[in-house]
Amino acid sequence: MENPLVLYNTLSRRKERFEPVQPPYVGLYVCGPTVYGDPHLGHARPAITFDVVFRYLQHLGYKVRYVRNITDVGHLEADQDEGEDKIAKKARIEQVEPMEIVQYYSDRYFLFLEALNVKRPSIEPRASGHIIEQIALIHKILEAGFGYVVNGSVYFDVEKYSKTYHYGILSGRVPEEMMTHTRALEGQEEKRNPADFALWKKAQPEHIMRWPSPWSDGFPGWHLECSAMGTKYLGEKFDIHGGGMDLLFPHHEAEIAQSQAALGHETVRYWMHNNMITINGQKMGKSLGNFITLEELFTGKHPALQQAYSPMTIRFFILQAHYRGTLDFSNEALQAAEKGLKKLMEGYTTLTRMLPAGVNPDEKLTGRPEAVALPILQIAESCKAAMNDDFNTPMAIAGLFDMVRIINSARDGKETLSPEEIAFLHNTLSVFLFEILGLKDETANNQAEQMNGLMELLLSIRQRSRENKDWNTSDQIRDALQKLHIVVKDGKEGSTWRIE
RNA sequence: GGUUUCGUGGCCGAGUGGCUAGGCAGCGGUCUGCAAAACCGUAUACAGCGGUUCGACUCCGCUCGAAACCUCCA
């Protein structure tokens with residue numbers, strides 16, 4: 001297969017041609033959420049970014065296994081209100097199970113991603129379900145001599161690792177400097193070196209989630225789960241690893257070190273990082289407390305929001321920026337996205353109405369390219385080229401707007417489109433809009449509501465004509481409706497209708 | 001302080017060593033019973049200063065400014 005896809009590899013800091021380890025198979029791993037809070041706009045960005053990567057790779061014909069983990073181990077400690085030990089005891093009894101929290105917020109996460117039309121990955125493993133694999137990985141690292149045990153905890157020896165391998169290969173950091181400049185945090189005196197990180201932590205008494213291990217009852221280090229699950233499901237060498245830019249260091253750097261130490265070779269071929277969503281120029285994040293949850297966006301219930309924004313508006317807003325750039329949140333930008341999306345969707349609907357009678361709009365049509373005018377072909381090509389150039393969705397979207405302009409001109413009779421061209425445009429537009437970008441027409445969702453409103457309106461017009469003894473009009477409405485299998489029955493209390 | 005990234009018109013946001021990004025808003029038209037939409041046309045721009053070049057918004061250097069990471073965060 002001729003494969004023109006090029007993507008930006010964080011590891012090399014340049015765009016590289018995409019060549020899978022084992023075509024036509026592609027392994028894609030993305031760091032998922034830590035499920036201890038409601039999903040916010042920041043979570044939507046990687047979810048949508050890699051959803052499009054997933055969709056586009058599939059569109060190109062690859063067989064993709066997409067793994068996105070759920071982090072449910074590591075920071076699920078009980079709320080520390082120290083000094084209040086009277087309540088603490090009671091709280092422990094009344095407290096919900098950590099897994100209850102995990103379940104609740106995972107469900108919420110999936111719910112809102114589904115609204116955003118994000119496809120479920122092939123595998124969604126949880127860290128807590130892979131303790132055995134993580135312990136096995138620690139063994140390998142210890143055997144290779146890159147870890148050490150202190151008081152039941154195991155640490156990764158960055159200094160030693162640096163003598164053989166390149167710690168900092170991904171982030172560009174210099175190990176010597178990290179060793180001297182890393183801030184000293186409490187409880188880290190066990191480490192030989194501040195830059196070292198935990199592979200296994202012995203659990204403090206208040207730590208609820210704990211597992212037995214050869215070293216202690218405890219829990220795995222933060223970076224271990226992705227190394228363990230990535231190689232478990234995608235193999236010791238796989239294609240793409242993605243995640244947010246904020247995970248670049250230390251998380252991904254540590255992941256590389258762990259895998260390299262345990263396996264003796266690199267595991268990931270291409271590292272992809274999506275940039276942050278900012279609000280007033282600052283990262284939207286939990287620690288800053290300036291995040292807006294997806295639920296708040298969808299309902300409009302947040303002081304910073306002037307209105308509710310539909311899931312597709314959010315999706316389109318995110319896709320209108322390139323994934324590697326920061327994207328600034330504002331009501332103005334969201335409203336612009338809303339209107340732009342509406343324009344695209346209306347253009348698509350207009351085109352659907354130009355299809356020859358009897359053609360199902362969902363059907364895949366193919367216009368023979370040789371029968372299609374060059375400018376139209378060029379626009380379609382530019383859309384493909386944009387996607388092939390490191391998933392440049394904003395540029396692809398610009399092409400879609402060009403198509404809509406042609407469609408609208410044709411509708412106004414200012415341009416003519418041959419049936420071949422209509423079919424070609426229809427195919428191209430629906431592939432990009434729905435299949436690749438994963439957008440959907442939300443107006444179709446309120447059909448039942450519209451239907452009710454429509455019937456109410458129609459029946460009130462008919463009622464007026466009946467009051468005027470305009471039986472012609474009233475019968476015309478009833479007969480026409482009957483042809484549509486809608487039966488109107490007149491009673492003393494007014495008219496009712498139902499679909500037969 | 002270090003690492004990384006960025007600075008594009010009223011707003012959001014692409015891109016390229018010389019040729020229109022696109023969306024939203026604005027202005028002028030066309031259309032129009034009203035409204036809306038649509039279509040056509042149109043202005044305002046590449047932080048600053050140098051350098052390379054026939055030519056730079058695009059490459060290089062410096063200055064200024066911003067952000068992320070260096071501690072859990074998508």
Side-chain angles (χ1 to χ4, degrees), chain A residues 10 13 30-34 36-37 39-50 68 71 74-77 109 168 170-186 188 194-195 197 222-223 242-253 273-278 280-289 291 316-344 346-347 350 379 382 386 389 392-402 404-415:
Chain A
T10 312
R13 313 252 173 224
V30 174
C31 292
T34 303
Y36 68 120
H40 59 77
L41 188 54
H43 292 102
R45 174 95 119 148
I48 289 171
T49 297
F50 293 104
R68 185 184 59 205
T71 298
H75 11 252
L76 281 173
E77 288 174 62
Y109 181 72
L170 184 68
S171 59
R173 279 161 221 263
V174 185
E176 290 74 37
E177 302 207 335
M178 283 188 276
M179 291 179 198
T180 50
H181 288 287
T182 303
R183 263 181 262 179
L185 297 171
E186 318 167 24
Q188 302 214 332
F197 53 89
W222 308 305
H223 314 304
M245 242 173 205
D246 48 352
L247 297 178
L248 215 149
F249 190 91
H251 185 60
H252 291 156
E253 193 71 64
H273 290 93
N274 64 277
N275 215 320
M276 304 289 104
I277 289 181
T278 57
N280 298 323
Q282 266 203 323
K283 182 173 107 164
M284 184 179 284
K286 216 145 217 157
S287 51
L288 294 165
F291 61 93
F316 188 66
F317 169 68
I318 286 173
L319 292 176
Q320 260 191 313
H322 189 259
Y323 74 89
R324 275 192 290 116
T326 53
L327 172 60
D328 201 53
F329 162 89
S330 71
N331 281 284
E332 256 183 310
L334 246 2
Q335 283 157 14
E338 185 176 52
K339 287 187 185 171
L341 177 63
K342 188 177 160 218
K343 188 173 180 173
L344 279 184
E346 285 181 352
T350 304
I379 296 170
S382 77
D389 183 13
N392 194 328
T393 52
M395 212 172 158
I397 289 170
L400 301 184
F401 277 111
D402 283 340
V404 167
R405 192 168 31 73
I406 292 172
I407 291 164
N408 286 333
S409 290
R411 182 207 48 198
D412 292 351
K414 290 180 177 166
E415 240 175 278

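In what follows, chains are A, B, ... by sequence order, proteins preceding strands, each numbered from 1.
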Just N and O in the side chain of Lys342(A): are any of them under 4.0 Å from OP1 or OP2 of G23(B)?
no
Among the nucleotides C39(B), A74(B), G23(B), whichever has the atom closest to the side chain of Gln320(A) is G23(B)
Measure CE/Met276(A) against P/G13(B) and give the value in whole Å, please.
15 Å
Could you work out which one of A14(B), U3(B), A38(B) sits closest to the side chain of Lys343(A)?
A38(B)
Closest-nucleotide ordering on RNA chain B, the 5'-leading residue of Phe317(A) and Gly172(A)
Gly172(A)
Residue whose nearest RNA chain B nucleotide is more 5′ - Tyr323(A) or Arg405(A)
Tyr323(A)
Leu247(A) has an atom CG; how far is it from atom C1' of U5(B), in whole Å?
16 Å
Any cation-pi pair here, Arg68(A) with Phe50(A), using under 6.0 Å and within 45°?
no
Nucleotide nearest Lys283(A) (side chain, heavy atoms from C-beta), chosen from C69(B), C24(B), A21(B)
C69(B)
Involving RNA chain B, stems made of at least three consecutive Watson-Crick or G-U pairs, both distances under 3.5 Å
B:1-7 with B:64-70, B:10-12 with B:22-24, B:26-30 with B:38-42, B:47-51 with B:59-63
Hey, are the side chains of Ile318(A) and Thr393(A) touching, using non-hydrogen atoms and a 4.5 Å cut-off?
no
In Å, rounded to the nearest 0.5 Å, how long is the span from CZ of Arg411(A) to OG1 of Thr350(A)?
5.0 Å
Assign the ring pair His40(A) / Phe291(A) to parallel, tilted or perpendicular, where the plane angle (0 to 90°) is split at 30° and 60°.
tilted
Take the protein atom CG of Leu341(A) and the nucleotide atom P of C12(B), then report the distance between them rounded to whole Å.
20 Å
Output the single nucleotide from A74(B), G2(B), G15(B) whose closest atom is nearest the side chain of Ile277(A).
A74(B)
Flag side-chain contact, heavy atom, 4.5 Å: Ile379(A) against Arg405(A):
no
Whole angstrom value for the distance that separates P of C12(B) from CG of Leu327(A):
10 Å
Could you give the distance separating C72(B) and U53(B) at their P atoms, to the nearest angstrom?
50 Å
If you look at every strand shown and take non-hydrogen atoms under 4.0 Å, does Arg324(A) touch a base, only sugar-phosphate, or nothing?
nothing
Give the rounded distance in Å between these two atoms: NZ of Lys339(A) and P of A37(B).
8 Å
Ignoring the backbone of Asp412(A), work out which of C39(B), C69(B), G23(B) is nearest its side chain.
C39(B)
For G1(B) and C11(B), measure between their P atoms and round to the nearest Å.
30 Å
Counting side-chain heavy atoms from CB outward, which of U3(B), C12(B), C11(B) is closest to Asp328(A)?
C12(B)
Specify whether Phe197(A) and His223(A) have parallel, tilted or perpendicular ring planes, treating 30° as the upper limit for parallel and 60° as the lower limit for perpendicular.
perpendicular
Check whether any side-chain heavy atom of Asn275(A) lies under 4.5 Å from a side-chain heavy atom of Leu327(A), and answer yes or no.
no
Considering only the P atoms, how many Å lie between C49(B) and A67(B), rounded to the nearest integer?
24 Å
Ignoring backbone atoms, establish whether Asn274(A) has a side-chain N or O less than 4.0 Å from OP1 or OP2 of A74(B).
no
Separation of C6(B) C1' from His273(A) NE2 (nearest whole Å)
18 Å
Looking at U5(B), I'd like to know if its phosphate oxygens (OP1 or OP2) sit under 4.0 Å from a side-chain N or O belonging to Asn275(A).
no
Are any of Thr326(A)'s side-chain N or O atoms less than 4.0 Å away from OP1 or OP2 of A68(B)?
no
Rounded to whole angstrom, note down the C1' distance from U20(B) over to C62(B).
34 Å
Selection from C24(B), A21(B), A74(B) that lies nearest to any side-chain heavy atom of Ala398(A)
A21(B)
Rounded to the nearest 0.5 Å, how far does NZ of Lys414(A) lie from CG of Asn408(A)?
10.5 Å
Between Phe329(A) and Leu41(A), which heavy-atom pair has the shortest distance, and what is it?
CD1-CD2, 3.9 Å
Separation of the P atoms in U52(B) and C46(B), to the nearest angstrom:
22 Å
Which value, in whole Å, describes the distance between the P atoms of nucleotides A66(B) and U8(B)?
14 Å
Please report the distance separating the P of A68(B) from the corresponding atom of A21(B), rounded so that it comes out in whole Å.
31 Å
P atoms of G13(B) and C24(B), separation to the nearest Å
16 Å
Picking from G15(B), G23(B), A74(B), the nucleotide nearest the side-chain atoms of Pro46(A) would be A74(B)
Regarding the side chain of Ala321(A), the nearest nucleotide among C39(B), G13(B), A74(B) is G13(B)
Please round to the nearest 0.5 Å and tell me the distance separating atom CZ of Phe317(A) and atom CD1 of Ile48(A).
10.5 Å
Which whole-number value in Å describes the distance from Met245(A) CE to C69(B) P?
12 Å
Given atom CD1 of Ile406(A) and atom C1' of A38(B), what is their separation to the nearest angstrom?
15 Å
